[in-house]
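Predicted model only: the values in this text are computed from it and were never measured.
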Amino acid sequence: MAEELFDIYDEHLNPIGTATRSETHARGYWHRSFHCWLTRREGDRRFVRFQLRQAGKDTHPGHYDITVAGHLSAGETMRDAVREIEEEIGISVAFEELIPIGQLREEADGEVNGVPFIDREVSDVFGCVCDLPLTSLTLQAEEVAGVYEADLEELIRLFDGELPELNAEGVEVAGSLSGGLQQTAQRTVRSAEFVPREGYAEIMRALRACT
């Protein structure tokens, strides 16, 4: 199977060509990605959903992360990238349903299974209101180990460092990447277990305005 190609950029986001996913992360090329946070309202409370990355991911395996996120393949636009929502969690969403939140520019490096990586991304961030129950999701087992939700105000306090941990409930892949779902017990979630990113609290505050 051919490796995915990304459009790559210099530090000023001028296009400089294409590279495979592994080359992009090995050489630290700038590339584009799509971030979408799903949220829902229940009475006066707002909940936010987030995923658990599979242990086999090439960057930040086994960490909590944005509900849905993905790289733009070569030639794709941000409008095209909305496909990630259906691919990762099985929900069909039109681009027009997304609420723009902003753009993040991030640099990170590390090592996974002895392989170093340099991840330089510019990400467009969106919110999306979704009232479907978590049990209706279909997870892309190769990418997503589980999807959970927690109270928005508690998440803000968690990322502000005012709350050491919180409880979240969700669904996860059952068995060995079977794609089936099982209801999970409450999980205890800490901010250090999320992919290291700046701006989590600010994004949570922006999600308050999603209706």
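Contact detail for E111 and G114: the closest heavy-atom pair is OE2-CA, 3.4 Å. When all heavy atoms are compared, the tightest approach of P61 to A55 is CB-O, 3.2 Å. Between G127 and C36, the closest heavy-atom pair is C-SG, 4.4 Å. The two residues A150 and L155 have their closest heavy-atom pair at O-CD1, 3.9 Å. The shortest heavy-atom contact between G170 and L134 is CA-CD1, 3.7 Å. Closest approach of I101 to I203, counting heavy atoms only: CD1-CG2, 4.5 Å.
Using a 4.0 Å cut-off between charged nitrogen and carboxylate oxygen, R45 and E153 do not count as a salt-bridge pair. The residues R157 and D151 are annotated as not salt-bridged, no charged nitrogen and carboxylate oxygen being separated by less than 4.0 angstrom. Salt bridge status for R32 with D7: absent, with no side-chain N to carboxylate O gap under 4.0 Å. Salt bridge R190/E193: present, at least one basic N to carboxylate O contact under 4.0 Å. A salt bridge links E96 to R79: at least one charged side-chain nitrogen sits closer than 4.0 Å to a carboxylate oxygen.
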Given the rule in the side chain to side chain contact (heavy atoms under 4.5 Å, CB included) test, do H60 and R197 qualify, once you have shown the distances and angles that lead to the verdict?
CA-CA 11 Å; H60 307 297; R197 302 183 190 277; over 6 Å; no

Derivation and outcome, side chain to side chain contact (heavy atoms under 4.5 Å, CB included), residues V189 and Y148:
CA-CA 10 Å; V189 177; Y148 308 87; over 6 Å; no

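The one candidate from T138, T67, L139 that meets the side chain to side chain contact (heavy atoms under 4.5 Å, CB included) condition with V144 is L139. With respect to L98, the side chain to side chain contact (heavy atoms under 4.5 Å, CB included) criterion is satisfied by exactly one of V125, I85, D124, V129: I85.
The distance from atom CD of Q103 to atom CD of E121, rounded to the nearest 0.5 Å, is 11.5 Å. How far CG of L158 is from CE of M204: 10.0 Å, rounded to the nearest 0.5 Å. In this structure, Q54 CD and L52 CG are separated by 7.5 Å, a value rounded to the nearest 0.5 Å. We find the CD1-CD distance between I91 and E97 to be 10.5 Å, quoted to the nearest 0.5 Å. A distance of 8.5 Å separates CD1 of I89 from CD of Q51, quoted to the nearest 0.5 Å. A distance of 8.5 Å separates CZ in R27 from CD1 in I8, rounded to the nearest 0.5 Å.
With hydrogens and angles disregarded, no donor-acceptor distance shorter than 3.5 Å links the side chain of E84 to the backbone of A81. Between the side chain of R120 and the backbone N or O of G28 there is at least one donor-acceptor pair closer than 3.5 Å. In this structure a side-chain-to-backbone donor-acceptor pair under 3.5 Å is missing from S73 to E76. Side-chain atoms of R53 do not come within 3.5 Å of backbone N or O of D65 as any donor-acceptor pair.
Under the 30°/60° scheme for interplanar angles, the aromatic rings of F159 and Y200 are found to lie parallel. Using cut-offs of 30° and 60° for the angle between ring planes, the H31 and F6 rings count as parallel.
Between E42 and E149, every side-chain heavy-atom pair lies at or beyond the 4.5 Å cut-off. At least one side-chain heavy atom of E143 sits under 4.5 Å from a side-chain heavy atom of K57.
If you chain together hydrophobic residues whose side chains sit under 4.5 Å apart, F47 and I156 never meet in one group. A single hydrophobic cluster is not seen to contain both V122 and F34; linkage of ILVMFWY side chains at heavy-atom distances under 4.5 Å, directly or through other members, places them apart. By the rule that hydrophobic residues join a cluster once side-chain heavy atoms approach within less than 4.5 Å of another member, L72 and I16 end up as members of separate clusters. Linking ILVMFWY side-chain heavy atoms closer than 4.5 Å, directly or via other members, places I118 and Y29 in two distinct hydrophobic clusters. Two different hydrophobic clusters hold L5 and Y9 under the rule that ILVMFWY side chains link at heavy-atom gaps under 4.5 Å.
No more than 12 heavy atoms of other residues, nucleotides or ligands lie within 6.0 Å of CD in E198, so this atom counts as exposed by the packing criterion.
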